[in-house]
K.L.:
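Take this structure, written in structure tokens, and hold onto it; I'll ask about it next.
Bear in mind the structure is a predicted one, so any value in this text is a computation, not a measurement.
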Amino acid sequence: MWEEVVDRIVKFIRDYVESSDARGVTVGISGGVDSATTAFLCVRALGNKRVLGLIMPEKGVTMKEDIEDALEVCKILDIDYRYIEINPIVEAFLNKLGEGSYIAKANVRSRIRMIINYFYANSLNYLVAGTSNKSELMIGYFCYDEKTRVLTTEGLKTYKELKPGDIVFSLNPNTGKVEEVPVKGVYTFNYDGEMISINGKRTDLLVTPNHRMLINRGGKLVFTQAVEFLNKRYNIPIPAPWDGYADSDYIKLYHNANTLSERMPAEVFFYLMGLYIGDGTCTTCDVEATRKMTLSHSVKYDEYSVYFSVPKGDRARENLINILETLNIRYRAYKYFVRINSKALYEIFKQCGTNAKNKKIPRWVLKYPADKLFWLYKGLMDSDEYNQNYQTISRQLALDIVELCAKLGMHATISVREPRIAEYNGKIIRSQESYLITVAKTSIYPERVSKVDYRGVVWCPDVPPYHNLLVERNGKFTFCGNTKYGDGGVDFLPIGDLYKTEVFELAKFLGVPEKIIKKKPSAGLWIGQTDEEEMGITYQKLDIILKALEKGYKPEDIPKDFDVSERDVRKVLEMIEKSKHKREFPPIVKIRDLIDC
């Protein structure tokens, strides 16, 4: 089992570093089992020349044994390292900051170490490898509220439905373009505390204060914490037109029928498809005809028809007829529709649905680059009576248009129009539920930002390499980030899906020195500090409870099925509650109404 675990982690590290165009990684090596295990894995993935160890002790606080063990790890792995005593930096901080609580001063050390990690990583074009395990993450990991959903290639999914491997849409911060990427993991957590509500005509988010918001700052895509939206108006990005994965100047048709050629110019084809999705249907029927040469002999054949409901005077009718005549495609024009008899177009267009309720854009079409998809969009818009909006009764088509707009460099929202009841000539007529897609090409500015109390599930997806995705809440779609791990954030977490007790087992398998594995875990926040004493529970019991909670056990049922007490369970739940201090921020007086009036 552990060989397979190592192989998967090593591949993850290697792929992530290569996809980020980084030269290597830095690892803060404390002398503990987590950092040692992470360093061993990074060397397996990248080789010892591409891993930099950072040993950052605080004289008088860090135990001599930890320093010796950290140095031994670097020696065993034969990696380059930097030895930096942080005492002068800590003193400089605290001298400037003045008096503070014991915990506040202790936490300064972890922030300083993260600054040093990123100093070397940024200088060398390295990434920072985090050393947190799942036991730590599950008591301090926060993100979206439970109403927020994700747009995937399979449609909208809730946090309960989203799973590793699902394909979502992520913005490349270097290009500003959409890319389709797989989800690596989904984390959920019970939360009771303040959230940041971010609302506007095109935005609706409810996220934890430390949530990483993707913003456009000076033409560059960067992250900022959601809490900052309380103080400043930010521009939420609209993507640049995407490159796509499939491209051709011509679309190959499935059947050479009548005067149709075997291929059609892509722009023309996609425009026709847009008109069809908006106003078309297709049918097939058996036809019996009499031959001219022998009136007594008749033949039977299948007739394949494509109809475009574009009446005289419709703006799309002239475009449609011009295309058909230019391509020498035979058609019949009637008062309310145009008909083409073509098996080739029938076979392709039926993939888009045959009635208004089941219309959609085929997935293979959405792989094309923006310059081709533009003509699909134009056909759709020409088929509808709205200007920059589109109305449909197909839920799937509404979601497809949101994806289409994102790939074209536009922003779309969906508003649901409830069924309406009317009376006509004494008859009650009930319309169907419909979806109005509103399209915008300009910047998005949230109009209302506030703090709200929230109690329920929060969740966050792991979406490398760009750590953002297209999410939806109440019909409003936003490219938004995910919360990074730990106090200062890291670039990736090799052991983030392993509980602490599992890290011990993996460390044994990798050959981490036994004295490091048996050492009492400590964050080194003060002299003699150990994690288990500070938590008041062993990692063995903590992991049992966390695993049970993750599997959906009710807290009151855990002591019945596992070797833990009710007190242990209460302790873990208290830890979850107490961790919310990491999310708190100073209250802000609301004065926008005075300034903006």
Side-chain angles (χ1 to χ4, degrees), residues 1-18 22 24-57 63 65-83 113 117 121 126-138 184-185 462 464 485-486 490-524 530-532 538-540 542-543 546-547:
M1 179 190 76
W2 289 114
E3 185 64 49
E4 293 177 357
V5 170
V6 170
D7 288 345
R8 183 173 296 182
I9 295 174
V10 164
K11 184 179 185 301
F12 163 76
I13 296 171
R14 190 178 296 130
D15 291 348
Y16 188 78
V17 172
E18 288 178 359
V25 299
T26 66
V27 183
I29 302 177
S30 65
V33 67
D34 291 329
S35 64
T37 303
T38 301
F40 271 67
L41 290 166
C42 288
V43 169
R44 281 209 182 194
L46 306 173
N48 61 341
K49 301 301 182 184
R50 299 175 65 190
V51 179
L52 175 65
L54 294 172
I55 303 173
M56 299 169 282
M63 293 193 304
E65 177 188 5
D66 289 339
I67 298 173
E68 292 172 349
D69 289 340
L71 290 168
E72 184 176 352
V73 168
C74 294
K75 183 178 180 180
I76 292 171
L77 297 174
D78 192 24
I79 60 173
D80 190 16
Y81 68 91
R82 301 289 184 274
Y83 182 92
R113 290 186 174 106
N117 254 307
Y126 278 19
L127 298 178
V128 177
T131 60
S132 294
N133 57 67
K134 192 166 186 176
S135 301
E136 296 168 353
L137 298 180
M138 288 189 70
K184 291 294 184 183
D462 182 15
Y485 308 85
V490 295
D491 290 313
F492 66 98
L493 280 168
I495 59 172
D497 203 34
L498 295 173
Y499 289 99
K500 185 74 170 187
T501 48
E502 294 168 340
V503 173
F504 289 136
E505 295 300 317
L506 177 58
K508 292 177 185 177
F509 180 82
L510 289 170
V512 173
E514 188 175 358
K515 61 178 180 178
I516 294 178
I517 298 172
K518 290 185 174 181
K519 186 190 303 181
K520 290 184 178 180
S522 171
T530 66
D531 294 345
E532 291 182 333
T538 65
Y539 272 115
Q540 185 70 35
L542 173 65
D543 286 358
L546 290 177
K547 287 179 182 180

K.L.:
Where the side chain of N117 meets the backbone of V128, is there a donor-acceptor pair that is under 3.5 Å apart?
P.N.:
no
K.L.:
Taking all non-hydrogen atoms of both residues, which atom of P494 and which atom of L41 are closest, and how far apart?
P.N.:
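It is CB-CD1, 4.5 Å.
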K.L.:
Output all residues satisfying salt bridge (Lys or Arg N to Asp or Glu O under 4.0 Å) with E505, sequence neighbours left out; order by chain, then residue number.
P.N.:
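By the salt bridge (Lys or Arg N to Asp or Glu O under 4.0 Å) rule, E505 matches K508.
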K.L.:
Which value, rounded to the nearest 0.5 Å, describes the distance between E72 atom CD and E65 atom CD?
P.N.:
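Rounded to the nearest 0.5 Å, the CD-CD separation comes to 10.5 Å.
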K.L.:
So how far is it from F40 CZ to T37 OG1, rounded to the nearest 0.5 Å?
P.N.:
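Spacing of CZ (F40) from OG1 (T37) equals 8.0 Å.
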K.L.:
Within a 6.0 Å radius of atom CZ on F504, are there more than 12 heavy atoms belonging to other residues, nucleotides or ligands?
P.N.:
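Correct, the count exceeds 12.
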K.L.:
Can a donor-acceptor pair be found, under 3.5 Å and without considering hydrogens, that links the side chain of R113 to the backbone of G28?
P.N.:
no
K.L.:
Once rounded to the nearest 0.5 Å, what's the spacing between atom CG of D34 and atom CD1 of I516?
P.N.:
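So the CG of D34 and the CD1 of I516 are separated by 11.5 Å.
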K.L.:
Quick check on side chain to side chain contact (heavy atoms under 4.5 Å, CB included): which of V25, I79, D80, I29 does L52 satisfy it with?
P.N.:
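For L52, the side chain to side chain contact (heavy atoms under 4.5 Å, CB included) check succeeds only for D80.
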K.L.:
Restricting to non-hydrogen atoms, name the atom on V73 and the atom on A39 that form the minimum distance, rounded to 0.1 Å.
P.N.:
CG1-CB, 4.3 Å
K.L.:
If you round to the nearest 0.5 Å, how far is CZ of R82 from OG1 of T26?
P.N.:
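T26 OG1 to R82 CZ: 11.0 Å, rounded to 0.5 Å.
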K.L.:
Taking all heavy atoms of L127 and all of A22, pick out the closest pair and write down the distance.
P.N.:
CG-CB, 3.7 Å
K.L.:
What heavy-atom pair brings D78 and N48 nearest, and what distance separates the two atoms?
P.N.:
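Between these two residues, the closest heavy atoms are O-ND2, 2.9 Å.
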K.L.:
Please check if atom CD in E4 has more than 12 non-hydrogen atoms from other residues, nucleotides or ligands closer than 6.0 Å.
P.N.:
no
K.L.:
Checking the side chain of D543 only, and the main-chain atoms of K500 only, is there a donor and an acceptor separated by less than 3.5 Å?
P.N.:
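Side chain of D543 to backbone of K500: a pair is present.
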K.L.:
With rounding to the nearest 0.5 angstrom, report the CG to NZ distance, L542 to K547.
P.N.:
10.5 Å
K.L.:
With a 4.0 Å cut-off on N to O distance, would you call D69 and K515 a salt bridge?
P.N.:
yes
K.L.:
Identify the two heavy atoms, one from Y81 and one from I55, that lie closest to each other, and give their separation to 0.1 Å.
P.N.:
CD1-CD1, 3.9 Å
K.L.:
Mind checking the CD1-OH spacing from I67 to Y83? Nearest 0.5 Å is all I need.
P.N.:
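Atom-to-atom, I67:CD1 and Y83:OH are 4.0 Å apart.
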K.L.:
May I ask you to decide if T131's main-chain N or O and S35's side chain share a donor-acceptor pair within less than 3.5 Å?
P.N.:
no
K.L.:
Surrounding NZ of K184 (heavy atoms of other residues, nucleotides or ligands, distance under 6.0 Å), is the total greater than 12?
P.N.:
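Check fails, neighbour count at 12 or below.
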K.L.:
One thing to verify: whether E18 and R14 come together as a salt bridge, which I'm taking to mean a side-chain N less than 4.0 angstrom from a carboxylate O.
P.N.:
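The answer is no: the pair does not qualify as a salt bridge.
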K.L.:
Are W2 and V5 packed together at the side-chain level, in the sense that at least one heavy-atom pair is separated by less than 4.5 angstrom?
P.N.:
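Sidechains of V5 and W2: in contact.
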K.L.:
What is the minimum heavy-atom distance between K11 and D15, and which atoms define it?
P.N.:
NZ-OD2, 2.6 Å
K.L.:
State, yes or no, whether a side-chain contact exists between L77 and V51 at a heavy-atom distance under 4.5 Å.
P.N.:
no
K.L.:
Between L506, V503, V33, which is the residue that forms a side chain to side chain contact (heavy atoms under 4.5 Å, CB included) with I517?
P.N.:
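Going through the options one by one, the only one that passes is V33.
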K.L.:
Return the set of residues passing side chain to side chain contact (heavy atoms under 4.5 Å, CB included) with R50 (not counting sequence neighbours), or none when no residue passes.
P.N.:
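R50 satisfies side chain to side chain contact (heavy atoms under 4.5 Å, CB included) with V17, L46 once adjacent residues are dropped.
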K.L.:
Show, in sequence, the C-alpha distance, side-chain angles and deciding distance for K519 and D66, and conclude whether the side chain to side chain contact (heavy atoms under 4.5 Å, CB included) test is met.
P.N.:
CA-CA 9 Å; K519 186 190 303 181; D66 289 339; 2.9 Å; yes
